[in-house]
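Scroll down for the structure; my scribbles are underneath it.
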Amino acid sequence: MTSPRDHLPELSTEEKASLTSGKDFWTLKPIDRIGLPSIMVTDGPHGLRKQAAESDHLGLSESVPATCFPPASGLGSAFDPELAERVGAALGVESAIEDVAVILGPGINIKRSPLCGRNFEYVSEDPIVAGSIGAGLVKGIQSQGVGSSLKHFAANNQEFERMTASSDVDPRPLREIYLRGFERVVKDAQPWTVMCSYNKINGVYASQDPWLLTQVLRDEWGFEGLVVSDWGAVNDRVAALVAGLDLEMPGGDGAPDRAVATAAASDPAVAAALDVSAGRVLDLVGRAQARPAVAGPLDVDAHHALAREVAGRSIVLLKNDAVDGAPLLPLAEDASIALIGEFARTPRFQGGGSSHINPTRVDSALDALTAAAGDRVDFAPGFAFDAAAEQDALRDEAVALAASRDVAVVFLGLTDAEESEGFDREHIDLAAHQLALLDAVVAANPRTVVVLSNGSVVALPFADRVPAIVEAWLLGQAGGSATVDVLLGAVNPSGRLAETIPQRIEDTPAFGNFPGSNGHVRYGEGIFVGYRWYDARDMAVTYPFGHGLSYTSFAYGAVSAEVTESGDIAVTVPVTNTGSRDGREVVQVYVAPVASAVERASRELKAFASVAIAAGSTTEVALTVRREDLAYWDIRVDRFVVEGGAYRVEAAASSRDLRGSVTVEVAGDAVLVPLTPESTLTAVLAHPVAGPMVAGAFAALQEQFGGEGDGIMSGEAMAKMMGSFPIGRLPAFGWGLDRDGVDQLLAAANAPQG
Ligand code: BGC
C-alpha cells in the first residue's frame with residue numbers, strides 16, 4: 001500500500017507549493033495525477049459547522065444540522081477530561097459522517113480578561129484546566145479517525161485588533177500561563193494539527209515565528225502534526241513557510257503558492273522547508289484516508305442526550321441559601337413557579353462567529369419546565385432582548401406574576417449583540433433593564449432564583465440579595481432541558497467555576513492593560529492571571545475560581561501526599577458524601593513552594609478530579625501532580641526549573657475553600673547559571689564552585705566592615721548590601737580581589753563540570 005507521502009519525490013515544486021494552501025475556504029487541493037484527493041477541514045469547536053453550499057467565512061450560508069454541545073465555557077466548568085473525551089468522540093463521529101477530515105478545535109486560550117469576546121469558546125483562566133480539557137477533546141475527536149486543530153496558538157486573548165496586535169508577554173507568563181496548556185495537549189494527545197493565531201507575540205506574527213512554530217512546538221514539545229494558519233493569518237507566506245507554517249487557509253488567488261515556488265527555486269532553505277511542509281500535508285491526507293467511511297445518518301437523539309448530560313454537568317450552582325428553613329433549590333415538588341425572562345423561552349445557547357452551529361434541535365427551559373411541572377408553571381418574558389424596546393410593561397407583568405407564585409425563577413444573561421467573536425466587551429454588566437426587573441421581582445417575592453445565560457462572567461451586584469443563583473453559561477442545544485434538570489433536582493449540580501467571578505472589572509488582573517493600544521497589548525500582570533491575581537492581593541471576589549455548590553455536602557478527611565519515584569506527587573484524600581443525595585465532588589489540589597527564589601502565586605491548581613460519590617459513602621480520591629507542573633520558567637537558563645525544597649499541597653473544594661494541607665519535600669533540578677562579571681556576590685556565593693572560593697573572603701569583609709560596634713550599619717545590613725555588588729566591580733574597592741582574581745574565579749566557575 002502506498003501512502004500519499006511516497007509521492008513526495010515525484011512532485012514538481014509547483015505541485016508541492018500548491019499543497020501548502022487551501023483550494024477554497026474549507027478544502028485542500030487535490031493532485032489528480034497521483035490520485036491525491038481533496039480533504040475538508042471545518043469548524044468547530046463545540047459542534048460541526050459544515051457549510052452546505054456556498055462557503056463563506058462569515059457563516060452567511062447555512063451549515064448542515066449538527067449537535068451543538070456546550071461551548072468550552074460550559075464544558076470547562078465540568079472539570080472532567082473524560083467527559084470532554086466523550087464529547088470529542090461525538091464530534092468525531094459527526095465529522096466522520098460528513099466526511100470532514102479535521103474539525104477546527106479545541107480552542108484553549110487563557111481567559112486573561114473577562115472582556116475577551118471569545119471567552120465562551122475558551123476553557124479557563126488556568127492552564128492546567130484548559131490543557132486537560134483540551135487534551136480530552138483531542139483524544140476523543142481523534143479516536144474516531146478525525147483530526148483536531150488545537151487553536152489559537154498562541155497568546156490570542158482578545159478580539160480587539162486580533163489580526164495585527166502584538167501580545168507583549170514576558171517569558172515567565174508566556175511559558176507558565178499562556179503556553180503551558182498547549183504544551184500539555186501536544187504532549188498528551190498529539191493533535192493532528194495546530195492552528196496558529198492571528199496576533200503577533202512580542203512583535204512577531206505567530207504565523208511566521210520560527211521560535212513558536214518550530215523551536216517550541218516541535219523541538220521542545222515534540223509536535224508531529226501539521227501547522228495550519230488561522231483563516232487569513234498569513235502576512236508573509238515565504239517567511240511563514242520557513243518558520244514552520246505548513247498550510248495557509250483559506251485558499252487564496254494562487255499568489256502565495258507562486259511566491260513559495262519562486263523562492264524555493266532560488267533558495268535551498270525555502271526548498272527544504274517546502275519539502276517538509278508538503279510532506280506534512282501529504283501525511284495529513286494519508287491519515288484522513290485511513291479512516292473507514294462512516295455511514296450516517298447521525299443518531300440525533302443519542303447526541304442530543306449526550307449534549308443534555310454534558311450541559312447538566314456544566315452548570316454551576318453559585319448560591320443556594322435557605323429560605324423559610326430550606327434551600328430554595330431544587331424547587332419544591334408542589335411549588336407554583338413564575339418563570340421569568342426571555343432567555344427561558346428563547347435560549348441563548350451558543351456564541352456568535354465561526355463556531356456558530358446549526359443545531360439539530362433546541363430545548364427551551366420554558367418547554368422543559370412546562371413538560372415537567374405542567375400547570376404549576378406560568379411564564380412572563382420580563383424584558384425584550386432589544387435594550388431600546390419598551391420594557392416597563394413587560395416588567396410590570398412579570399412582577400405581578402412573581403408576587404402571585406410560590407417561587408420566581410428569573411433568567412438573565414447576555415445577548416448575541418453583547419458577546420461574540422470579533423469584538424470584546426466593554427464592561428461586564430448585565431443590561432440595566434434586566435437588573436431593574438430582578439430588583440422588582442425580588443421585592444415582590446424574596447423566594448427568587450436567578451439563572452444566568454452568558455458566555456463569560458458578568459458582575460453580580462445582586463449576589464447578596466438573591467437566595468439562589470445558577471450559572472448556566474451557554475450550554476448548547478440541550479441547555480434548556482439540562483437547566484430544568486438541575487432546577488428540579490433530577491441532576492445534582494457539580495460544575496465549578498473555571499474562571500473567577502470578580503466584583504468589578506476594575507479588580508481584574510488585566511485592567512488598565514487590556515486591550516492595549518497602538519498595536520500593542522502589554523501583559524503587565526505577568527503570571528498573576530485569574531485567581532493567582534486575587535489571591536496574591538488577598539482581594540474579595542464575588543465567587544472564587546473552583547467554586548460550585550451541590551444539593552448534597554462533602555467532608556474531606558486527612559490529605560496525604562508523597563513524592564513518587566518519577567518525581568510526581570501522589571495525593572490522596574478521603575471524601576465523604578455527608579448528605580442524603582448522590583452527587584459529584586470536584587476535588588482540587590493546589591500546590592506552591594513554601595519559599596521561592598522568584599515571585600510565585602500563593603497557590604496554583606495542579607490536579608483535579610470530578611468524582612461521583614453515593615450518599616453516605618466515602619471515596620479515597622487519588623490525584624497526581626506532575627513534577628513538570630511544579631516548575632517555573634527560569635529566565636537565566638531559558639528552561640523550566642523545579643526548585644528544590646518544601647511544597648505545600650492543599651486539597652480544596654475551591655481556590656478559597658481549602659480543606660486540608662500537607663507539606664512534601666521535592667528534590668530540585670540542578671541549575672548551573674553561567675557567572676559573568678555582572679553576577680552579584682549573592683549569586684556567586686550560591687554557585688557550587690565559585691561560592692566556596694569566595695565564602696571565606698566575604699566573611700572576613702563582613703567582619704571588617706559590618707561589626708555590631710560603631711560601624712555605619714549592622715553586619716546583617718552590610719551583608720545584604722554587599723550581596724548586590726557585581727563581582728566584576730569588587731576590584732575597584734580594593735578588597736583583596738583584583739581583576740585577575742575575578743577572571744580566574746569566573747573561569748573556574750564556568751569550566752565544564754566533570
Ligand atoms: C477563527 C477560527 C476559525 C476560522 C475558520 C477564524 O476567523 O479565528 O477559530 O476556525 O476562522 O472559520
Side-chain angles (χ1 to χ4, degrees), residues 21-28 39-52 54-64 66 68-69 71-73 91 95 98 100-111 116-123 130 134 137-138 141 146-165 167 182 185 191-201 205-207 225-235 245 247-252 284 350-358 419-424 455 515:
S21 74
K23 176 167 153 244
D24 50 36
F25 264 100
W26 308 118
T27 63
L28 276 57
I39 60 168
M40 173 173 256
V41 303
T42 197
D43 284 307
H46 41 262
L48 192 67
R49 184 172 71 100
K50 181 184 173 188
Q51 287 184 293
E54 291 293 297
S55 335
D56 69 84
H57 184 210
L58 299 176
L60 299 177
S61 84
E62 278 241 312
S63 49
V64 297
C68 181
F69 292 97
S73 56
L91 292 169
S95 303
E98 289 295 331
V100 167
V102 176
I103 179 165
L104 302 175
I108 63 154
N109 296 83
I110 291 293
K111 301 187 201 221
C116 172
R118 245 179 143 172
N119 275 359
F120 70 90
E121 272 187 79
Y122 299 145
V123 179
L137 281 164
V138 170
I141 292 168
V146 171
S148 60
S149 196
L150 181 66
K151 65 189 189 182
H152 307 92
F153 189 57
N156 176 193
N157 310 98
Q158 65 188 50
E159 292 299 282
F160 176 70
E161 295 186 343
R162 66 170 171 162
M163 296 182 82
T164 49
S167 300
F182 285 99
V185 180
W192 288 13
T193 77
V194 165
M195 185 191 291
C196 80
S197 56
Y198 285 127
N199 53 289
K200 300 175 190 132
I201 301 175
Y205 275 110
S207 62
L226 167 145
V227 177
V228 58
S229 73
D230 199 345
W231 268 230
V234 174
N235 187 50
L245 182 108
L247 174 65
E248 172 176 7
M249 288 301 286
L284 182 68
Q350 63 175 332
S354 59
S355 67
H356 205 269
I357 311 302
N358 178 14
E419 61 176 353
S420 163
E421 178 178 345
F423 61 89
D424 298 314

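Note that the numbering runs from 1 along the sequence shown for the chain. Note that ligands are numbered from 1 as they come in the structure, with each ligand's atoms numbered from 1 the same way.
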Report yes if some N/O of Trp231 lies less than 3.5 Å from some N/O of ligand 1; otherwise report no.
no

Ligand 1 contact on Arg118 by region, counting heavy-atom pairs under 4.0 Å:
side chain

Number the atoms of ligand 1 from 1 as they appear, then name those within less than 4.0 Å of a heavy atom of Lys151, with their elements.
2 (C), 3 (C), 9 (O), 10 (O)

Counting heavy atoms only, which of Ile103, Asp43, Val228 comes nearest to atom 12 (O) of ligand 1?
Asp43

Minimum heavy-atom separation for Gly422 and Glu159, please, with both atom names.
N-OE1, 2.8 Å

Does Glu421 come within less than 4.0 angstrom of ligand 1, counting non-hydrogen atoms of the residue?
yes

What is the distance from atom OG1 of Thr193 to atom CG of Leu150, rounded to the nearest 0.5 Å?
8.0 Å

I need the Asp43 CG to Glu421 CD distance, nearest 0.5 Å.
8.0 Å

Taking C-beta and beyond as the side chain, do Cys68 and His46 meet within less than 4.5 Å on heavy atoms?
yes

Hey, can you tell me if Tyr122 and His152 have their rings parallel, tilted or perpendicular (30° and 60° cut-offs)?
perpendicular

Heavy atoms only: give me the nearest Glu98-Lys50 pair and the separation to one decimal.
O-NZ, 2.9 Å

Please assess Ser149 against Leu104 for the test side-chain contact (heavy atoms from CB on, under 4.5 Å), listing each intermediate value before the final yes or no.
CA-CA 5 Å; Ser149 196; Leu104 302 175; 3.8 Å; yes

Any atoms of ligand 1 less than 4.0 Å from a non-hydrogen atom of Asp230? List them with their elements.
1 (C), 2 (C), 3 (C), 4 (C), 6 (C), 7 (O), 8 (O), 11 (O)

Ligand 1 atoms in contact with Met195 (distance to a heavy atom under 4.0 Å):
10 (O)

Select one of side chain, backbone, both or neither to describe which atoms of Arg49 lie under 4.0 Å from any atom of ligand 1, heavy atoms only.
side chain

For Ser167 and Ala155, indicate whether the former's side chain and the latter's backbone hold a donor-acceptor pair under 3.5 Å.
yes

Could you tell me whether Met249 approaches ligand 1 through its side chain, its backbone, both or neither, with non-hydrogen atoms closer than 4.0 Å?
neither

At a 4.0 Å threshold, what atoms of ligand 1 neighbour a non-hydrogen atom of Leu104?
10 (O)

Which atoms from ligand 1 have a heavy atom of Arg162 less than 4.0 Å away?
7 (O), 8 (O)

Does Trp26 approach ligand 1 within less than 4.0 angstrom via side chain, backbone, both or neither, non-hydrogen atoms only?
side chain

Residues that Glu161 engages under salt bridge (Lys or Arg N to Asp or Glu O under 4.0 Å), provided they are two or more places apart:
none

Go through ligand 1 atom by atom and flag the ones less than 4.0 Å from a non-hydrogen atom of Tyr198.
6 (C), 7 (O), 8 (O)

Between ligand 1 and His152, is the shortest N or O to N or O distance under 3.5 Å?
yes

